Amino acid sequence: MTDALLTASGVHVAFPGRRGAPPSRAVDGVDLEIGAGEIVALVGESGCGKTTLARTLLGLVRPGAGTVSFAGEPLAYTSRALKAYRRRAQLVLQDPSGSLNPRHTVYEAVAEGLRIHGYAGDERAAVAEALARAGLRPPERFFLRYPHELSGGQRQRVVIAGALVLEPELIVADEPVASLDASVRGEILALLLRLRDELGLSALVVTHDLGLAWNIADRVAVMYLGRVVETGPVESVLTAPRHPYTRALLSVLPESETAPVVLSGEPPDPARVPGGCRFHARCQVLASGEAARVADRCRTEPLPVLRAGGGGRGVACHWATAREDG
Ligand SMILES: Nc1ncnc2c1ncn2[C@@H]1O[C@H](COP(=O)(O)OP(=O)(O)OP(=O)(O)O)[C@@H](O)[C@H]1O
Ligand code: SF4
Ligand SMILES: [Mg+2]
């Protein structure tokens, strides 16, 4: 593992509950590292806290507890420090039509970040370079186009160019291909890989699709109800998943050779995090009796936060740990 570019440590984010309801513990104790030149996929089902964590890593949400550090320095939550941070860590949003102003040309969309940051160099050259890097060539041909004149894939490339123009070290892409056709998805993912290889760019790719993680990431973090429950190199986590939740997510991929696991129980609610293992009410391994040896612990003993760092594998599951310890 390379040196960590971004480190999250013990991060908690809670949203106040409405009308006396308990708070929503959207991110409930997360450690995460992203190395220089590394692509990390953050996966998990809807509502598990991926976007909240991603926004926290970018300084857009201030954690209630815990710290986020970039290049070894804890984020400072002043507008000046956050503006400086925004140059180094950029967000790429899910829906390109939603994140592009329909009345702005491609040139204006990409130049916007430069103008906000008072860029003193050759703006036209910087915009052209960012468009070319994002695969829109020759870039000048796109300068005066409007979003509605572009395909979905081209719009997503414009959004990526808008992030690249500031020459960030990290991009955080929240469901970057969710709104695109399957054929275009592969091209955008290939682009992210090329940016890693050519520019040494780091990326956090947020997705509910483990298959996508497989195609793009160096490392994966699987999130359930505000916690990372399994992490490690993508190849090893996805070929030999240890957490029952990771196994369930993998079982529903089209290429899976195991029978699809249908998770029982209520969908998770971050305002009501169960005691013990937070997955226990839905765990197929516990329900089948396979985890009988640790069943009491599953229901009563919370699992520690998985420590980030080292690039090794980690799993937050009593059964997986007991099995491996013999
Ligand atoms: N601004 C907010 N106020 C109150 N609750 C919020 C807010 N933002 C998110 N939440 C809650 O926090 C939890 C996590 O939401 P988040 O958007 O981070 O999940 P997600 O994993 O990105 O889901 P999806 O895959 O659907 O995008 C959810 O229960 C959500 O309802
Ligand atoms: S700790 Fe127990 S309930 Fe939780 S995932 Fe592991 S086996 Fe299932
Ligand atoms: Mg989200």
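A quick note: this is a predicted structure, and the numbers were derived from the prediction, not measured. Counting convention: from 1, in listed order, for ligands and their atoms alike.
Near T51, the atoms of ligand 1 lying under 4.0 angstrom from a non-hydrogen atom of the residue are 17 (O), 18 (O), 20 (P), 22 (O), 27 (O). Close approach of ligand 2 to F279 (heavy-atom distance below 4.0 Å) involves ligand atoms 5 (S). Ligand 2 places these atoms under 4.0 Å from at least one heavy atom of P244: 5 (S), 8 (Fe). The ligand atoms of ligand 1 that sit less than 4.0 angstrom from a heavy atom of A26 are 12 (O), 13 (C), 14 (C).
Note on T51: counted as a metal contact of the Mg ion (ligand 3), an N/O/S atom lying under 2.8 Å. Contact annotation: H280 places no N, O or S atom under 2.8 Å from atom 6 (Fe) of ligand 2. Look at H318 and atom 8 (Fe) of ligand 2: no N/O/S atom of the residue is under 2.8 Å from the metal.
Of the options V285, V229, L225, L263, a side-chain contact (heavy atoms from CB on, under 4.5 Å) to F279 is made by L263 and by none of the others.
The shortest N or O to N or O distance between T52 and ligand 1 is below 3.5 Å. Here's the thing with K50: one of its N/O atoms is less than 3.5 angstrom from an N/O atom of ligand 1. Considering backbone and side-chain N/O of P270, none are found under 3.5 Å from N/O of ligand 1.
Looking at R313 and E230, a side-chain N of the basic residue comes within less than 4.0 Å of a carboxylate O on the acidic one, giving a salt bridge. Using a cut-off of 4.0 Å between Lys/Arg side-chain N and Asp/Glu carboxylate O, E123 and R115 are scored as salt-bridged.
Using a 4.0 Å cutoff on heavy atoms, G44 does not count as a contact of ligand 1.
A pairwise comparison of heavy atoms in A54 and V206 identifies CB-CG2, 4.0 Å as the closest pair. Between V315 and R242 the shortest heavy-atom distance is CG1-NH2, 3.2 Å. Closest of all the heavy-atom pairs between D28 and R227 is O-NE, 2.6 Å. Residue D209 comes nearest to T207 through the heavy atom pair N-OG1, 2.8 Å, listed as atom of the first residue, atom of the second, then distance.
Of all protein heavy atoms, the one lying nearest to atom 4 (Fe) of ligand 2 is C277 SG, 2.3 Å. Protein heavy atom at the shortest distance from atom 5 (S) of ligand 2 is H243 CE1, 3.5 Å. Regarding atom 6 (Fe) of ligand 2, its nearest protein heavy-atom neighbour is C317 SG, 2.3 Å. When only non-hydrogen protein atoms are considered, atom 2 (Fe) of ligand 2 lies nearest to C298 SG, 2.2 Å. With respect to atom 8 (Fe) of ligand 2, the closest heavy atom belonging to the protein is C283 SG, 2.4 Å. Nearest to atom 7 (S) of ligand 2 among the protein's heavy atoms is W319 CB, 3.4 Å.
E255 CD: more than 12 foreign heavy atoms inside a 6.0 Å radius.
Between Y245 and H243, the ring planes are perpendicular. Angles over 60° get that label, and only those under 30° would be called parallel.
Scored by the salt bridge (Lys or Arg N to Asp or Glu O under 4.0 Å) test, E45 finds R282 as partners (sequence neighbours excluded).
Under 4.0 angstrom from ligand 1, the non-hydrogen atoms of C48 come from both its backbone and its side chain.
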- Task: Apply the test side-chain hydrogen bond (donor to acceptor under 3.5 Å, both in side chains) to residues E108 and Y146: give CA-CA distance (whole Å), side-chain angles for both, the deciding distance (0.1 Å), then the verdict.
- Result: CA-CA 10 Å; E108 289 166 326; Y146 286 90; 5.4 Å; no

